[in-house]
Amino acid sequence: MAAFAEHPSTDAYYVTTPIYYVNDRPHLGHAYTTVAGDVLTRWHRQRGEDVWYLTGTDEHGQKILRTAEAHGVTPQEWCDRLVEEAWKPLWQHLEIANDDFVRTTQARHTDRVQEFVQDLYDKGEIYRGSYTGPYCVGCEEYKLPGELLPGAGEDEKLCPVHKRPVEWLEEENYFFKLSAYGPKLLEFYAANPGFIQPAAARNEVLRFVEQDLKDLSISRSTFDWGVPLPWDDKHVLYVWVDALQNYITAAGYGADPERFARLWPASVHLVGKDILRFHAVIWPAMLMAAGLPLPKRVVANGWLMVGGEKMSKSNLTGIAPTDLTSHFGVDAYRYYFLRAIPFGTDGSFSWEDFTARYTSELANDFGNLASRAAAMVGKYYDGVLPAAAAHGEAEQAVADALVRAAEEADRRIGEELDFAGGIAAIFEFIKTVNGYLTAQEPWKVARSTTEDDRARLATVLYTAAEALRATAVLLNPVMPAAAAELWDSLGAEAALGPLADQRIATVADWGRLPAGALVTKGDILFPRLEEKTAS
Ligand code: ME8
């Protein structure tokens, strides 16, 4: 099993989101995973790594077919409409910098999928058999009888996620020999303790695989909206087996060996905890069967809840992200969910909590610091940043706090995917800088004309501006528009180049922003919410 336990080195940092079902429009839950992936990949770009960020849409299966039928259009028409009118525009709106967008109805995907399953068939990994059991179309998943909830009637059983009746399937179809992979998977998990995160998710998967795995039914013959099996075109491939392969087909599998070698295995598959088994059990087993390397990590995020239940399209509890961005703005939106909910745990969105954090953390702590510092350089130095006259204990304390914040944020965001902890570390630094200004009282020092006080004022304002220079770099992955605005107002680009080119490794090198930088006031980064609503 050593071949699976050791990951061949790959050049790129390749991150994926789930590909979303386009049966409906996106809600906060989908945006949550996609924004997390965007912050992670932007962070790694700022480390100077070769990054590839993939998202896309899952367009086959019964759920999509039934939705299209209900709307009187073909499934392809339905998918085209939703992708172009709802999904892609939302990612653009939220400033998602994905490198590719894969759709499972694209030939670049379906052709490769057919080759992949033909290969498994040729290797004897797939056989014909019959299946009887419960199925939830909402999940597009075969359910275990033990996990179902009692329904209204005696024979009715409900899906535990959707709380809707499951359907009973009785079919002749093809099966993948998943049961053969239990021991190999357990061996792999043991050799790669970081493969499934967080720990609770890993434990859940271990418990599941330690029981006997059942073979997986991978084809359907009662409808035809899917990828036809190459050896039996009366069957289409089960939507999940088709969907999981997006991670390799979009990376060039079977089409562009060089690109595939650069991107695969993926560094991180981001998934919601509802689809963990597919990614941590079925997908690795399929890859093992095909002789391909396994992804390095599968990281499960928790659920955004509404009234104690998972927010979902099927339950009609989805809130559109634009309902929030129109009030709070895109930057604050990106910030809020990652800051307020520890990644991996469930959390509820509340308008009050968002408002409170916006006001205290973004408008007061961060926004005010930026505008105060720029205003003082404008007022006392005509916008030309003075050189620091000295670098005393207080300034060194700020520089030290920056080193700590940068290291901690890099570890937490870049490695541990602890976005809340990483952002908190950056905001701890902002607090330190605010504390420094409060203690130094530059507005009072400015009233004195002694030479010592003139020098002191220059030192304090330089220190604040330099701290903001680093803050712009550290917050750029989270809030790209506010960071760009700040970068601009510090006049940093002339000396240091574009914000996107700044590196995490050097962000804490004190003194990068040169004296003489042209500081301008710029727009208020986080205007008061009342003003926003009124406009
Ligand atoms: O499962 N809270 O697609 P999907 C947090 N097509 N995250 C949520 C969420 C919530 N309330 N609701 C959705 C599918 N998500 C398959 C995936 S991948 C090969 C195929 C996020 O449209 C979360 O990441 O149901 C979840 O895994 C994903 O959206 C499911 O989206």
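For clarity, every value in this text was computed on a predicted model and none was experimentally measured. Residue numbers start at 1 and run along the sequence shown. Atoms within a ligand are numbered from 1 in the order they appear, just like the ligands themselves.
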Does even one non-hydrogen atom of [X] get within less than 4.0 Å of ligand 1?
| X | result |
| --- | --- |
| Phe278 | no |
| Met305 | no |
| Tyr247 | yes |
| Gly318 | no |

Ring-face cation of Lys143 near Tyr135 (centre distance under 6.0 Å, axis angle within 45°):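 Verdict for Tyr135: no cation-pi partner in Lys143.
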
Charged tip of Arg259 within 45° of Trp52 ring normal and under 6.0 Å: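 The answer is yes; both the distance and angle limits are met.
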
Is there a donor-acceptor contact under 3.5 Å linking the side chains of [X] and [Y]?
| X | Y | result |
| --- | --- | --- |
| Glu171 | Ser221 | yes |
| Asp38 | Trp91 | no |
| Thr74 | Gln76 | no |
| Asp215 | Tyr127 | yes |
| Arg112 | Gln245 | no |

Those atoms of ligand 1 less than 4.0 Å from some heavy atom in [X]:
| X | result |
| --- | --- |
| Met311 | 10 (C), 11 (N), 12 (N) |
| Lys310 | 9 (C), 11 (N), 12 (N) |
| Asp58 | 6 (N), 16 (C), 20 (C) |
| Ala243 | 19 (C) |

Near-ring test Tyr20/Trp87, centroid separation under 6.0 angstrom: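 Aromatic pair counts; centres sit under 6.0 Å.
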
Tyr13 and Tyr53 aromatic centres sub-6.0 Å: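 Distance test on ring centres: not under 6.0 Å, no.
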
Any nitrogen or oxygen of [X] lying under 3.5 Å from a nitrogen or oxygen in ligand 1? Just yes or no.
| X | answer |
| --- | --- |
| Trp303 | no |
| Ile19 | yes |
| Trp240 | no |
| Gly29 | yes |

Name the option, out of [options], that contains the heavy atom nearest to [atom].
| atom | options | answer |
| --- | --- | --- |
| atom 12 (N) of ligand 1 | His27, Gln245, Glu140 | His27 |
| atom 2 (N) of ligand 1 | Ile341, Leu304, Val271 | Leu304 |
| atom 27 (O) of ligand 1 | Ala300, Gly56, Gly138, Gly272 | Gly272 |

Identified ring-ring contact (aromatic ring centres under 6.0 Å, His included) partner of Phe328 from the options Trp351, Tyr335, Phe526: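 Running ring-ring contact (aromatic ring centres under 6.0 Å, His included) over Trp351, Tyr335, Phe526 with Phe328 returns exactly one hit, Trp351.
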
Region of Asp274 engaging ligand 1 - heavy atom pairs below 4.0 Å: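 Only the side chain of Asp274 comes within reach of ligand 1.
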
Side chain, backbone, both or neither: the part of Asn301 lying under 4.0 Å from ligand 1 by heavy atom: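 Side chain only.
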
Candidate list Val227, Ile248, Leu244, test side-chain contact (heavy atoms from CB on, under 4.5 Å), partner Val113, passing option: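 Exactly one candidate clears the test, Val227.
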
